[in-house]
Asker: 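Sharing a structure here in C-alpha coordinates format.
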Amino acid sequence: MRRVNCYRYTIPVETGVILRQRRLKQREGLLVELHENGQVGWGEIAPLPEFSGEDLPQAEQQLKQWRINWLNGQDDDLDRQYAPSVAFGISCALAELQGDLGSEGCYDTAPLCYGDPDELYAKLQQMSGEKVAKMKVGLYEANRDGLIADMFLTAIPDLKLRLDANRAWTLEKAAQFAAKIAESNKKRIQFIEEPCRTPAMSMQFAAQHNIAIAWDETTREPNLFAKKSDHLTAFIIKPTLFGSLQKCISLIEYAHKQGLTAVISSSIESSLALTQLARFAAQYTPDTTPGLDTLNLMQTQLLRRWQNSPLPLADLNSPFITPLAL
Ligand SMILES: O=C(O)CCC(=O)C1=CC=C[C@@H](O)[C@@H]1C(=O)O
Ligand SMILES: [Mg+2]
(Lines give C-alpha, C1' and ligand atoms only; values in the text may rest on other atoms or scores of the structure.)
(Ligands and ions follow the chains in the order given, each with its own letter.)
Protein backbone atom coordinates (compact mmCIF):
# COMPACT_ATOMS: atom_id res chain seq x y z
CA MET A 1 0.00 0.00 0.00
CA ARG A 2 1.57 3.30 -1.14
CA ARG A 3 1.00 6.64 0.60
CA VAL A 4 2.30 10.14 -0.28
CA ASN A 5 2.32 13.33 1.78
CA CYS A 6 3.56 16.62 0.33
CA TYR A 7 4.49 19.88 2.05
CA ARG A 8 5.67 23.36 1.14
CA TYR A 9 8.40 25.08 3.17
CA THR A 10 9.58 28.69 3.46
CA ILE A 11 12.78 29.43 5.35
CA PRO A 12 14.13 32.94 5.99
CA VAL A 13 17.71 33.34 4.75
CA GLU A 14 20.48 35.59 6.01
CA THR A 15 20.62 39.05 4.44
CA GLY A 16 23.06 39.43 1.61
CA VAL A 17 22.46 36.14 -0.18
CA ILE A 18 22.85 37.17 -3.80
CA LEU A 19 22.05 34.91 -6.73
CA ARG A 20 23.17 36.48 -10.02
CA GLN A 21 22.48 40.06 -8.83
CA ARG A 22 19.12 39.00 -7.27
CA ARG A 23 18.79 39.13 -3.48
CA LEU A 24 17.31 35.96 -1.99
CA LYS A 25 15.09 36.87 0.98
CA GLN A 26 13.75 33.38 1.68
CA ARG A 27 14.27 29.82 0.43
CA GLU A 28 11.13 27.99 -0.68
CA GLY A 29 10.66 24.40 -1.68
CA LEU A 30 8.55 21.25 -1.47
CA LEU A 31 8.92 18.12 0.63
CA VAL A 32 7.66 14.72 -0.45
CA GLU A 33 7.13 11.87 2.02
CA LEU A 34 6.63 8.35 0.63
CA HIS A 35 5.34 5.28 2.47
CA GLU A 36 5.40 1.72 1.12
CA ASN A 37 5.75 -1.71 2.77
CA GLY A 38 6.49 -0.13 6.14
CA GLN A 39 9.36 1.97 4.70
CA VAL A 40 9.54 5.77 4.54
CA GLY A 41 11.43 8.00 2.11
CA TRP A 42 11.79 11.79 2.01
CA GLY A 43 12.79 14.14 -0.80
CA GLU A 44 13.17 17.89 -1.30
CA ILE A 45 12.18 19.73 -4.46
CA ALA A 46 13.60 23.28 -4.42
CA PRO A 47 14.11 25.02 -7.77
CA LEU A 48 16.80 27.68 -7.29
CA PRO A 49 15.73 31.17 -8.47
CA GLU A 50 17.98 32.54 -11.27
CA PHE A 51 19.45 29.07 -11.84
CA SER A 52 16.56 26.60 -12.33
CA GLY A 53 14.49 26.64 -15.50
CA GLU A 54 11.37 25.64 -13.56
CA ASP A 55 9.68 27.67 -10.81
CA LEU A 56 7.99 26.44 -7.64
CA PRO A 57 4.40 26.40 -8.99
CA GLN A 58 5.55 24.32 -11.97
CA ALA A 59 7.44 21.95 -9.68
CA GLU A 60 4.39 21.61 -7.45
CA GLN A 61 2.16 20.78 -10.41
CA GLN A 62 4.65 18.16 -11.60
CA LEU A 63 4.95 16.63 -8.13
CA LYS A 64 1.16 16.28 -7.94
CA GLN A 65 1.11 14.55 -11.33
CA TRP A 66 3.94 12.19 -10.33
CA ARG A 67 2.07 11.34 -7.09
CA ILE A 68 -1.05 10.28 -9.03
CA ASN A 69 1.05 8.09 -11.32
CA TRP A 70 3.01 6.51 -8.46
CA LEU A 71 -0.15 5.75 -6.48
CA ASN A 72 -1.47 4.05 -9.64
CA GLY A 73 1.63 1.86 -9.71
CA GLN A 74 3.31 3.70 -12.62
CA ASP A 75 7.13 3.93 -12.67
CA ASP A 76 7.77 7.24 -14.45
CA ASP A 77 11.05 8.15 -16.22
CA LEU A 78 11.94 11.00 -13.85
CA ASP A 79 14.48 12.81 -16.01
CA ARG A 80 12.50 12.52 -19.22
CA GLN A 81 9.14 13.52 -17.74
CA TYR A 82 9.98 16.01 -14.98
CA ALA A 83 12.09 19.12 -14.34
CA PRO A 84 15.51 18.56 -12.67
CA SER A 85 14.51 19.66 -9.16
CA VAL A 86 11.45 17.38 -9.27
CA ALA A 87 13.43 14.43 -10.63
CA PHE A 88 16.09 14.95 -7.95
CA GLY A 89 13.71 15.23 -4.99
CA ILE A 90 11.59 12.26 -6.00
CA SER A 91 14.68 10.14 -6.72
CA CYS A 92 15.94 10.85 -3.19
CA ALA A 93 12.62 9.82 -1.65
CA LEU A 94 12.56 6.61 -3.73
CA ALA A 95 16.22 5.91 -2.87
CA GLU A 96 15.45 6.25 0.85
CA LEU A 97 12.33 4.08 0.48
CA GLN A 98 14.40 1.37 -1.23
CA GLY A 99 17.39 1.72 1.09
CA ASP A 100 19.67 2.83 -1.78
CA LEU A 101 21.02 6.00 -0.17
CA GLY A 102 23.96 5.36 2.17
CA SER A 103 23.61 6.38 5.81
CA GLU A 104 27.11 7.83 6.31
CA GLY A 105 27.56 11.43 5.14
CA CYS A 106 30.58 13.49 4.13
CA TYR A 107 30.03 16.57 6.33
CA ASP A 108 33.59 17.87 5.94
CA THR A 109 32.61 20.25 3.19
CA ALA A 110 34.68 22.98 1.51
CA PRO A 111 34.07 26.17 3.52
CA LEU A 112 32.93 29.20 1.56
CA CYS A 113 35.23 32.11 2.36
CA TYR A 114 34.42 35.75 1.96
CA GLY A 115 37.73 37.51 2.50
CA ASP A 116 38.87 37.05 6.10
CA PRO A 117 41.91 34.70 6.20
CA ASP A 118 41.70 34.33 10.00
CA GLU A 119 38.08 33.12 9.81
CA LEU A 120 38.97 30.69 7.03
CA TYR A 121 42.11 29.50 8.84
CA ALA A 122 40.03 28.58 11.91
CA LYS A 123 37.56 26.61 9.77
CA LEU A 124 40.33 24.75 7.91
CA GLN A 125 41.92 23.71 11.20
CA GLN A 126 38.71 21.80 11.99
CA MET A 127 38.80 19.88 8.68
CA SER A 128 40.11 16.34 8.91
CA GLY A 129 40.79 15.81 5.20
CA GLU A 130 42.34 18.06 2.54
CA LYS A 131 42.36 21.78 3.36
CA VAL A 132 40.17 23.03 0.55
CA ALA A 133 37.99 26.14 0.52
CA LYS A 134 35.86 28.01 -1.99
CA MET A 135 35.83 31.73 -2.77
CA LYS A 136 33.36 33.57 -4.95
CA VAL A 137 35.03 35.94 -7.47
CA GLY A 138 33.72 38.16 -10.25
CA LEU A 139 31.51 40.31 -8.03
CA TYR A 140 34.14 43.06 -7.62
CA GLU A 141 37.30 44.14 -9.49
CA ALA A 142 39.30 41.22 -10.95
CA ASN A 143 42.56 42.72 -9.62
CA ARG A 144 41.12 42.69 -6.07
CA ASP A 145 39.94 39.10 -6.48
CA GLY A 146 43.42 38.09 -7.60
CA LEU A 147 45.13 39.86 -4.69
CA ILE A 148 42.80 38.22 -2.12
CA ALA A 149 43.11 34.75 -3.66
CA ASP A 150 46.91 35.05 -3.73
CA MET A 151 46.90 36.29 -0.13
CA PHE A 152 44.96 33.21 1.01
CA LEU A 153 47.27 30.84 -0.87
CA THR A 154 50.39 32.55 0.54
CA ALA A 155 49.03 32.79 4.10
CA ILE A 156 47.88 29.15 4.25
CA PRO A 157 50.56 26.96 2.55
CA ASP A 158 48.49 23.73 2.59
CA LEU A 159 45.35 25.40 1.26
CA LYS A 160 43.81 24.28 -2.04
CA LEU A 161 41.49 26.97 -3.33
CA ARG A 162 38.33 26.58 -5.40
CA LEU A 163 37.13 29.77 -7.08
CA ASP A 164 33.86 30.52 -8.79
CA ALA A 165 33.30 33.40 -11.22
CA ASN A 166 29.90 32.28 -12.56
CA ARG A 167 31.03 33.37 -16.06
CA ALA A 168 31.58 36.99 -14.97
CA TRP A 169 34.91 37.69 -16.66
CA THR A 170 35.96 38.74 -20.14
CA LEU A 171 39.38 37.41 -21.17
CA GLU A 172 40.88 40.78 -20.20
CA LYS A 173 39.38 40.72 -16.70
CA ALA A 174 40.43 37.08 -16.26
CA ALA A 175 43.98 38.05 -17.26
CA GLN A 176 43.98 40.84 -14.63
CA PHE A 177 42.98 38.25 -12.02
CA ALA A 178 45.67 35.78 -13.14
CA ALA A 179 48.36 38.48 -13.11
CA LYS A 180 47.99 38.76 -9.32
CA ILE A 181 48.54 35.03 -8.67
CA ALA A 182 52.16 34.02 -7.98
CA GLU A 183 53.26 31.28 -10.39
CA SER A 184 54.14 29.07 -7.41
CA ASN A 185 50.57 29.46 -6.05
CA LYS A 186 48.75 28.56 -9.27
CA LYS A 187 49.00 24.79 -8.78
CA ARG A 188 47.05 25.11 -5.51
CA ILE A 189 44.09 26.61 -7.34
CA GLN A 190 42.11 23.37 -7.54
CA PHE A 191 39.92 25.01 -10.19
CA ILE A 192 38.05 28.16 -11.15
CA GLU A 193 34.42 27.35 -11.92
CA GLU A 194 33.29 29.01 -15.17
CA PRO A 195 35.79 31.92 -15.16
CA CYS A 196 34.69 33.53 -18.45
CA ARG A 197 31.56 34.43 -20.38
CA THR A 198 31.74 31.26 -22.53
CA PRO A 199 33.38 27.82 -22.19
CA ALA A 200 35.61 28.58 -25.20
CA MET A 201 36.92 31.74 -23.51
CA SER A 202 37.42 29.83 -20.26
CA MET A 203 39.48 27.17 -22.03
CA GLN A 204 41.56 29.91 -23.72
CA PHE A 205 42.10 31.61 -20.32
CA ALA A 206 43.15 28.32 -18.70
CA ALA A 207 45.69 27.58 -21.44
CA GLN A 208 47.11 31.13 -21.46
CA HIS A 209 47.54 31.35 -17.67
CA ASN A 210 48.02 27.69 -16.73
CA ILE A 211 45.16 27.74 -14.20
CA ALA A 212 42.77 24.79 -13.74
CA ILE A 213 39.06 25.27 -14.51
CA ALA A 214 35.83 23.41 -13.74
CA TRP A 215 32.45 23.21 -15.44
CA ASP A 216 29.39 24.05 -13.35
CA GLU A 217 26.78 25.76 -15.55
CA THR A 218 28.33 23.99 -18.56
CA THR A 219 27.45 20.57 -17.09
CA ARG A 220 23.79 21.53 -17.61
CA GLU A 221 24.16 22.64 -21.23
CA PRO A 222 24.30 20.66 -24.49
CA ASN A 223 27.60 19.24 -25.84
CA LEU A 224 29.27 19.07 -22.42
CA PHE A 225 31.48 16.19 -23.50
CA ALA A 226 32.85 18.19 -26.45
CA LYS A 227 34.17 20.93 -24.14
CA LYS A 228 37.44 19.26 -23.24
CA SER A 229 40.62 20.95 -22.06
CA ASP A 230 43.91 19.79 -20.55
CA HIS A 231 43.21 22.36 -17.83
CA LEU A 232 39.71 21.03 -17.04
CA THR A 233 39.92 19.24 -13.69
CA ALA A 234 36.35 18.93 -12.40
CA PHE A 235 32.61 18.81 -13.00
CA ILE A 236 30.54 20.63 -10.38
CA ILE A 237 27.34 18.61 -10.06
CA LYS A 238 24.32 20.35 -8.54
CA PRO A 239 21.68 17.60 -8.39
CA THR A 240 18.77 20.02 -7.79
CA LEU A 241 19.70 21.72 -11.08
CA PHE A 242 20.80 18.56 -12.90
CA GLY A 243 18.25 15.80 -12.15
CA SER A 244 17.79 12.42 -10.52
CA LEU A 245 20.43 10.66 -8.43
CA GLN A 246 20.70 8.10 -11.23
CA LYS A 247 21.47 10.83 -13.79
CA CYS A 248 24.08 12.28 -11.42
CA ILE A 249 25.68 8.86 -10.96
CA SER A 250 26.07 8.53 -14.74
CA LEU A 251 27.83 11.91 -14.92
CA ILE A 252 30.05 11.05 -11.94
CA GLU A 253 31.08 7.79 -13.61
CA TYR A 254 31.83 9.62 -16.90
CA ALA A 255 33.90 12.26 -15.05
CA HIS A 256 35.92 9.62 -13.22
CA LYS A 257 36.56 7.74 -16.50
CA GLN A 258 37.91 11.01 -17.95
CA GLY A 259 40.21 11.47 -14.93
CA LEU A 260 38.11 14.40 -13.68
CA THR A 261 36.91 15.16 -10.16
CA ALA A 262 33.14 15.20 -9.59
CA VAL A 263 32.17 17.69 -6.88
CA ILE A 264 28.68 17.34 -5.39
CA SER A 265 27.54 20.92 -4.86
CA SER A 266 24.69 22.61 -3.05
CA SER A 267 21.85 24.51 -4.70
CA ILE A 268 21.15 26.14 -1.34
CA GLU A 269 18.74 23.43 -0.23
CA SER A 270 17.51 22.97 3.34
CA SER A 271 19.32 20.66 5.76
CA LEU A 272 17.09 17.81 4.57
CA ALA A 273 18.47 17.69 1.02
CA LEU A 274 21.91 18.93 2.11
CA THR A 275 22.31 15.93 4.41
CA GLN A 276 21.11 13.67 1.58
CA LEU A 277 23.75 15.26 -0.70
CA ALA A 278 26.38 14.64 2.00
CA ARG A 279 25.34 10.97 2.08
CA PHE A 280 25.29 10.78 -1.74
CA ALA A 281 28.78 12.35 -1.90
CA ALA A 282 30.14 9.88 0.65
CA GLN A 283 28.71 7.02 -1.42
CA TYR A 284 29.75 8.07 -4.96
CA THR A 285 32.56 10.64 -4.58
CA PRO A 286 34.25 9.45 -1.35
CA ASP A 287 37.65 10.91 -2.30
CA THR A 288 36.33 14.40 -3.10
CA THR A 289 35.40 17.19 -0.69
CA PRO A 290 31.83 18.21 -1.55
CA GLY A 291 30.71 21.82 -1.89
CA LEU A 292 27.85 21.92 0.61
CA ASP A 293 28.74 24.84 2.91
CA THR A 294 25.49 26.77 2.46
CA LEU A 295 23.39 25.82 5.49
CA ASN A 296 24.61 28.86 7.45
CA LEU A 297 22.81 31.06 4.90
CA MET A 298 19.56 29.86 6.49
CA GLN A 299 17.96 30.64 9.84
CA THR A 300 16.78 27.12 10.61
CA GLN A 301 17.28 23.47 9.78
CA LEU A 302 14.41 21.38 8.42
CA LEU A 303 13.50 17.87 9.73
CA ARG A 304 17.11 16.61 9.73
CA ARG A 305 20.23 17.99 11.37
CA TRP A 306 23.47 18.80 9.61
CA GLN A 307 26.29 17.34 11.78
CA ASN A 308 27.30 19.87 14.48
CA SER A 309 25.13 22.68 13.12
CA PRO A 310 23.97 25.01 15.95
CA LEU A 311 20.92 26.13 13.93
CA PRO A 312 17.48 25.35 15.41
CA LEU A 313 15.65 22.35 13.93
CA ALA A 314 12.11 22.83 12.58
CA ASP A 315 9.78 19.83 12.55
CA LEU A 316 6.58 19.19 10.57
CA ASN A 317 4.56 21.24 13.09
CA SER A 318 6.71 24.34 12.63
CA PRO A 319 5.33 27.49 10.96
CA PHE A 320 7.96 27.04 8.23
CA ILE A 321 6.15 23.98 6.83
CA THR A 322 2.57 23.68 5.52
CA PRO A 323 0.92 20.52 4.15
CA LEU A 324 -0.02 20.68 0.46
CA ALA A 325 -3.67 20.19 -0.47
CA LEU A 326 -3.57 17.19 -2.85
O1 LIG B 1 29.69 24.68 -4.57
C2 LIG B 1 29.82 25.06 -3.38
O3 LIG B 1 30.86 24.87 -2.72
C4 LIG B 1 28.68 25.74 -2.66
C5 LIG B 1 27.52 26.10 -3.54
C6 LIG B 1 27.84 27.29 -4.43
O7 LIG B 1 28.94 27.79 -4.45
C8 LIG B 1 26.80 27.82 -5.28
C9 LIG B 1 25.52 27.38 -5.17
C10 LIG B 1 24.47 27.96 -5.95
C11 LIG B 1 24.74 29.02 -6.76
C12 LIG B 1 26.01 29.74 -6.63
O13 LIG B 1 25.89 30.69 -5.58
C14 LIG B 1 27.19 28.86 -6.28
C15 LIG B 1 27.80 28.25 -7.54
O16 LIG B 1 27.65 28.81 -8.62
O17 LIG B 1 28.48 27.23 -7.46
MG1 LIG C 1 29.45 27.52 -9.48
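What you see is a predicted model; the values in this text were computed from it and never measured. All residue numbers refer to positions in the sequence shown, counting from 1. These values consider heavy atoms only, across backbone and side chains, with no hydrogens, waters or symmetry-generated copies. Note that ligands are numbered from 1 as they come in the structure, with each ligand's atoms numbered from 1 the same way.
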Asker: Pair up each side-chain donor or acceptor in residues 256-265 with any protein partner under 3.5 Å, not counting sequence neighbours, and list the distances.
Answerer:
{"unit_1": "Q258", "atom_1": "OE1", "unit_2": "K228", "atom_2": "NZ", "d": "3.1"}
{"unit_1": "S265", "atom_1": "OG", "unit_2": "K238", "atom_2": "NZ", "d": "2.9"}

Asker: Any idea how many protein N, O or S atoms are nearer than 2.8 Å to the Mg ion (ligand 2)?
Answerer: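 Number of qualifying protein atoms: 3.
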Asker: Taking 4.0 angstrom as the limit and counting only heavy atoms of D216, give me the atoms of ligand 1 inside it, by number and element.
Answerer: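 In order of number, 15 (C), 16 (O), 17 (O).
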Asker: Would you say OH of Y254 has more than 12 non-hydrogen atoms from neighbouring residues, nucleotides or ligands within 6.0 angstrom?
Answerer: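 More than 12 heavy atoms, drawn from other residues, nucleotides or ligands, come within 6.0 Å of this atom.
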Asker: For atom 1 (O) of ligand 1, find the nearest protein heavy atom and state the residue, atom name and distance (0.1 Å precision).
Answerer: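 Looking at atom 1 (O) of ligand 1, the protein heavy atom closest to it is S265 OG, 2.7 Å.
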Asker: Quick check: N166 and ligand 1, any N/O pair under 3.5 Å apart?
Answerer: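 Yes, since at least one N or O of N166 sits under 3.5 Å from an N or O of ligand 1.
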Asker: Would you say E217 has any N or O atom under 3.5 Å from an N or O of ligand 1, going by distance alone?
Answerer: no
Asker: Which ligand 1 atoms, with their elements, are less than 4.0 angstrom from a heavy-atom of K136?
Answerer: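 Here the atoms of ligand 1 in question are 12 (C), 13 (O), 14 (C), 15 (C), 16 (O).
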Asker: Among all protein heavy atoms in this structure, tell me which lies nearest to atom 9 (C) of ligand 1, with the distance rounded to 0.1 Å.
Answerer: S266 O, 3.2 Å
Asker: What do you reckon, is CZ of F51 surrounded by more than 12 foreign heavy atoms closer than 6.0 Å?
Answerer: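 Atom CZ in F51 is crowded, with more than 12 foreign heavy atoms closer than 6.0 Å.
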Asker: Can you list the steps and then say if R167 with E221 is a salt bridge (charged side-chain N to carboxylate O under 4.0 Å, His left out)?
Answerer: CA-CA 14 Å; R167 297 182 168 174; E221 292 174 350; 2.8 Å; yes
Asker: Kindly check if the number of other-residue, nucleotide or ligand heavy atoms within 6.0 Å of CG (D75) is above 12?
Answerer: no
Asker: Are more than 12 heavy atoms, taken from residues, nucleotides or ligands other than E104, located less than 6.0 Å from that residue's CD atom?
Answerer: no
Asker: Starting from atom 6 (C) of ligand 1, which protein heavy atom do you reach first, and at what distance in Å?
Answerer: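 Ranked first by proximity to atom 6 (C) of ligand 1 is K134 NZ, 3.5 Å.
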Asker: Students should be able to answer this: which protein heavy-atom is nearest to atom 4 (C) of ligand 1, and at what distance?
Answerer: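 The closest heavy atom on the protein side is G291 O, 3.4 Å.
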Asker: With a cut-off of 4.0 Å, which atoms of ligand 1 are near a heavy atom of E193?
Answerer: 17 (O)
Asker: Would you say D164 has any N or O atom under 3.5 Å from an N or O of ligand 1, going by distance alone?
Answerer: yes
Asker: Return the closest protein heavy atom for atom 10 (C) of ligand 1 as residue, atom name and distance.
Answerer: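 Of every protein heavy atom, K238 CE, 3.6 Å lies nearest to atom 10 (C) of ligand 1.
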Asker: Could you list the residues that satisfy side chain to side chain donor-acceptor pair (under 3.5 Å) with E183, not counting sequence neighbours?
Answerer: K186
Asker: Partners of R23 by side chain to side chain donor-acceptor pair (under 3.5 Å), sequence neighbours excluded?
Answerer: none
Asker: Quick one: does T219's side chain have a donor or acceptor within less than 3.5 Å of a partner on I237's backbone?
Answerer: no
Asker: Can you tell me the protein heavy atom closest to atom 11 (C) of ligand 1 and the distance?
Answerer: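 Minimum-distance protein heavy atom for atom 11 (C) of ligand 1 reads F51 CZ, 3.6 Å.
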